[in-house]
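Following: one structure in structure tokens, then a few remarks.
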Amino acid sequence: MRVLRRAAAMVALLVGAVGIQVVQGWAAQASQAALPTAAVALGDSFISGEGAGAYQPVADASGTPQSFPGWSAPNSNAYFCHRSANASLFKASLPGIQDRFNLACSGGQPADIANPSGARAKGRSVASQLDQLRAVAQTHDIDVVLIGLGSNNSQFTFGDVATLCANRFIADAWTGWWEFWAYLGGDVPQEPCTVSDLASDAEVAAATTETTAALRQILDTLAQIDADGVHSVILQTYTNPLPLDVAPQYRDEDDRTDTRDKFRALGAERYAAGCPIHRASLAPGHVFSQNLGSLVKNAYTTLAAERPTADLRVLDVQKAFDGARLCENPGSPTGALATPIRVQDGPSGTFVTSLSGWDKIGVQRVANTCVTYFQTCQEGWHPNAAGHTVLGQCLTGALTAASRTVITCARNANGTLTVS
């Protein structure tokens with residue numbers, strides 16, 4: 001009898017222990033379920049909200065929030081990540097999402113995903129984006145991740161490409177051939193940009209490998225830190241702020257086109273409209289944009305093959321600004337979905353909106369301001385607040401689309417969007 005009682009006690013003890021474990025398991029699951037849901041943005045300027053204004057303080061590498069430090073502050077200041085309250089992440093309709101976190105940084109590169117941006121040349125003083133992501137996962141269940149990555153890398157950057165083509169146009173517009181040779185020694189490029197000037201095939205291939213590796217790090221980290229392991233990852237491509245050709249009124253001025261020597265009036269007109277660039281540079285620029293799109297799609301193909309069960313999608317926005325690009329219509333930049341290039345005469349905070357009547361010395365001075373204080377001109381040729389609203393609508397469509405592969409968001413002639 002005593003033996004039976006002892007056996008019964010042992011059974012009760014075991015059942016009790018199992019019950020405790022079950023209760024603890026339920027408690028852990030309930031704790032995870034109780035976490036508020038979050039959408040997170042990672043990557044570079046097209047995701048951070050560059051050009052959209054309403055920039056928010058950004059925590060630096062030490063965790064100290066940095067507000068606007070003044071125009072003459074070092075460009076490495078964390079604030080110049082330009083995380084905007086108008087960024088597409090905040091404009092999208094995301095049912096079920098309680099909080100949103102913008103961890104992207106203007107100028108962000110694949111290396112910044114796993115390493116502090118300040119560890120590389122021209123990086124900003126912020127922690128790695130993965131460390132920032134891990135911090136969010138401590139308090140939130142991450143359900144949506146928007147990523148824009150690849151336009152900046154160790155091979156080329158969007159800012160350098162934009163500066164190259166704009167500077168060639170401005171130099172050509174304000175400098176005559178005789179001044180070019182007599183005073184400048186013929187060493188200032190003035191010809192339109194070509195495809196090879198912007199990014200060679202080898203550079204795009206290297207950038208694709210670099211970007212794919214960084215995206216793999218993001219997916220691996222999400223698998224480790226997401227509370228319930230369920231999340232949608234959207235890889236966004238890029239859209240060109242400029243059209244394939246400018247509207248007729250921006251093609252010549254004072255009987256001079258941009259194929260003539262020294263076309264200051266036309267140069268001033270295109271600058272005011274937001275598109276200081278040769279017409280011949282526009283097509284190569286679109287090839288560059290298409291190459292960026294291929295970069296993202298190729299990275300997706302590799303990662304989707306590695307992770308067949310992952311909810312991984314591409315949001316192709318290359319046509320999202322069709323019909324509303326800078327200088328595509330009369331009255332530009334009004335009505336455009338991208339920001340015009342604007343410079344300052346010194347880090348004054350006052351943007352020069354017209355170069356009409358300026359001589360080449362004055363133009364050189366404001367151009368040098370952009371070089372020395374890049375933050376004074378870094379907003380140029382990025383989606384503006386209206387553009388980010390459109391991209392937010394594209395993001396909404398990507399998350400609700402039946403297809404979980406490549407989703408295209410295109411702007412129609414009447415301004416509506418088609419997501420397919």
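The structure displayed is predicted, hence computed values, not measured ones.
Minimum interatomic distance between G392 and A92 (heavy atoms only, all atoms of both residues): O-CB, 3.3 Å. Heavy-atom minimum distance, C81 versus A104: CB-O, 4.4 Å. The two residues T257 and L266 have their closest heavy-atom pair at C-CD2, 3.6 Å. Looking at every heavy atom in both residues, V343 comes nearest to C377 through CG1-CB, 4.4 Å. Closest non-hydrogen pair, A78 versus S125, comes out as CB-O, 3.6 Å. Counting all heavy atoms, side chain and backbone alike, V230 lies closest to D143 at O-OD1, 3.4 Å.
Taking 4.5 Å as the limit, some side-chain heavy atom of R307 sits within range of a side-chain heavy atom of D220. Between R270 and R279 the shortest side-chain heavy-atom distance falls below 4.5 Å. I147 is listed as a side-chain neighbour of V233, based on a closest heavy-atom distance under 4.5 Å. L198 has its side chain out of reach of F156: every pair of non-hydrogen atoms, C-beta onward, lies at least 4.5 Å apart. The shortest distance between side-chain heavy atoms of L42 and I218 falls below 4.5 Å. Two residues are said to be in side-chain contact when any heavy atoms from C-beta on lie closer than 4.5 Å; F101 and R83 fail this criterion. In this structure, F288 and V204 have side chains that are not in contact, with every pair of non-hydrogen atoms separated by 4.5 Å or more. Between E253 and F263 there is no side-chain heavy-atom pair separated by less than 4.5 Å.
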> Does the pair T194 and S196 meet the rule for a side chain to side chain donor-acceptor pair (under 3.5 Å), with working shown?
Replying inline: CA-CA 5 Å; T194 65; S196 60; 3.2 Å; yes
>> side chain to side chain contact (heavy atoms under 4.5 Å, CB included), that's the test. Do L215 and L235 meet it? Break it down for me.
In response: CA-CA 9 Å; L215 293 172; L235 308 181; 3.9 Å; yes
> Should V246 and R251 be marked as a side chain to side chain contact (heavy atoms under 4.5 Å, CB included) after you check the CA-CA gap, both sets of side-chain angles, and the distance that decides it?
Replying inline: CA-CA 7 Å; V246 298; R251 295 177 187 175; 3.7 Å; yes
> Would L417 and V390 count as a side chain to side chain contact (heavy atoms under 4.5 Å, CB included) if you check the C-alpha gap in whole Å, the side-chain angles of each, and the deciding distance to 0.1 Å?
Replying inline: CA-CA 8 Å; L417 297 173; V390 168; 3.9 Å; yes
>> Apply side chain to side chain donor-acceptor pair (under 3.5 Å) to residues E210 and S154 and explain how you reach the verdict.
In response: CA-CA 8 Å; E210 191 177 326; S154 64; 2.6 Å; yes
> After noting the C-alpha distance and the side-chain angles of K262 and T175, does the key distance pass the side chain to side chain contact (heavy atoms under 4.5 Å, CB included) rule?
Replying inline: CA-CA 6 Å; K262 193 188 291 187; T175 306; over 6 Å; no
> Under the side chain to side chain donor-acceptor pair (under 3.5 Å) criterion, do N153 and E203 qualify, and how do the steps go?
Replying inline: CA-CA 10 Å; N153 49 75; E203 288 173 328; over 6 Å; no
>> Checking T416 against N412 for the side chain to side chain donor-acceptor pair (under 3.5 Å) test, could you report, in this order, the C-alpha distance in whole Å, the side-chain angles of both residues, the deciding distance, and whether it holds?
In response: CA-CA 5 Å; T416 61; N412 303 310; 2.9 Å; yes
> Where do R264 and D359 land on the salt bridge (charged side-chain N to carboxylate O under 4.0 Å, His left out) test, with the steps shown first?
Replying inline: CA-CA 9 Å; R264 291 184 179 182; D359 60 24; over 6 Å; no
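With hydrogens and angles ignored, the 3.5 Å screen pairs no side-chain donor or acceptor of Q98 with any backbone N or O of A38. A donor-acceptor contact shorter than 3.5 Å links the side chain of N329 to the backbone of G323. Using modelled atom types, no side-chain atom of S84 and backbone atom of Y55 make a donor-acceptor pair closer than 3.5 Å. Side chain of T400 to main chain of T396: a donor-acceptor pair is present (N/O by atom type, distance under 3.5 Å, no hydrogens or angles). Although no hydrogens or angles enter the test, the distance criterion places a donor-acceptor pair under 3.5 Å between the side chain of N86 and the main chain of A52. When atom types are taken as modelled, the side chain of N152 and the backbone of F158 share a donor-acceptor pair closer than 3.5 angstrom.
For the atom pair Q224 CD and L219 CG, the distance stands at 11.0 Å (nearest 0.5 Å). We find the OG-CD1 distance between S232 and I142 to be 12.5 Å, quoted to the nearest 0.5 Å. The CG atom of L391 sits 8.0 Å away from atom CG of L315, with the distance rounded to the nearest 0.5 Å. Here the CD1-CD distance, from I170 to Q190, works out to 11.5 Å after rounding to the nearest 0.5 Å. We find the OG-CD distance between S45 and Q378 to be 8.5 Å, quoted to the nearest 0.5 Å. Here CG of D201 is found 7.0 Å from CG of N291. Values are rounded to the nearest 0.5 Å.
A salt bridge links D316 with K297: the closest approach of a Lys/Arg side-chain nitrogen to an acidic carboxylate oxygen falls below 4.0 angstrom. The pair R313-D311 counts as a salt bridge, with a side-chain nitrogen and a carboxylate oxygen less than 4.0 angstrom apart. Salt-bridge annotation for D245 and R325: absent, with no side-chain N of the basic residue lying under 4.0 Å from a carboxylate O of the acidic one. Taking the charged nitrogens against the carboxylate oxygens, D197 and R168 do have a contact shorter than 4.0 Å, which makes a salt bridge.
With 3.5 Å as the limit, one finds a donor-acceptor pair spanning the side chains of S151 and D44. Using modelled atom types, one finds a donor on one side chain and an acceptor on the other under 3.5 Å when comparing Q66 with D60. With 3.5 Å as the limit, one finds no donor-acceptor pair spanning the side chains of S356 and S354. Looking only at atom types and distance, the side chain of T157 has a donor-acceptor partner in the side chain of D160 under 3.5 Å away. No hydrogens or angles considered: a donor-acceptor pair under 3.5 Å links the side chains of E50 and S106.
Remark: H278 engages F169 in a ring pair (Phe, Tyr, Trp, His ring centres under 6.0 Å) (not counting sequence neighbours). Not counting sequence neighbours, the partners of F68 by the ring pair (Phe, Tyr, Trp, His ring centres under 6.0 Å) test are W71, Y79. Remark: Y250 pairs with no residue by the ring pair (Phe, Tyr, Trp, His ring centres under 6.0 Å) rule, at least two apart or across chains.
Sorted by first and then second residue, the pairs that involve residues 116-129 and meet salt bridge (Lys or Arg N to Asp or Glu O under 4.0 Å), not counting sequence neighbours, are D112-R120. Pairs engaging residues 283-369 under the disulfide (SG to SG under 2.5 Å) rule: C275-C327 [sequence neighbours left out]. Evaluation of the disulfide (SG to SG under 2.5 Å) test over residues 284-324, restricted to residues two or more places apart or in two chains, returns none.
You'll find the ring centres of F80 and F374 outside the 6.0 Å limit. Ring centroids of H388 and F90 are separated by 6.0 Å or more, keeping the two rings apart.
In summary, of the residues considered (Y238, W381, F321), a ring pair (Phe, Tyr, Trp, His ring centres under 6.0 Å) with F46 occurs for Y238 alone.
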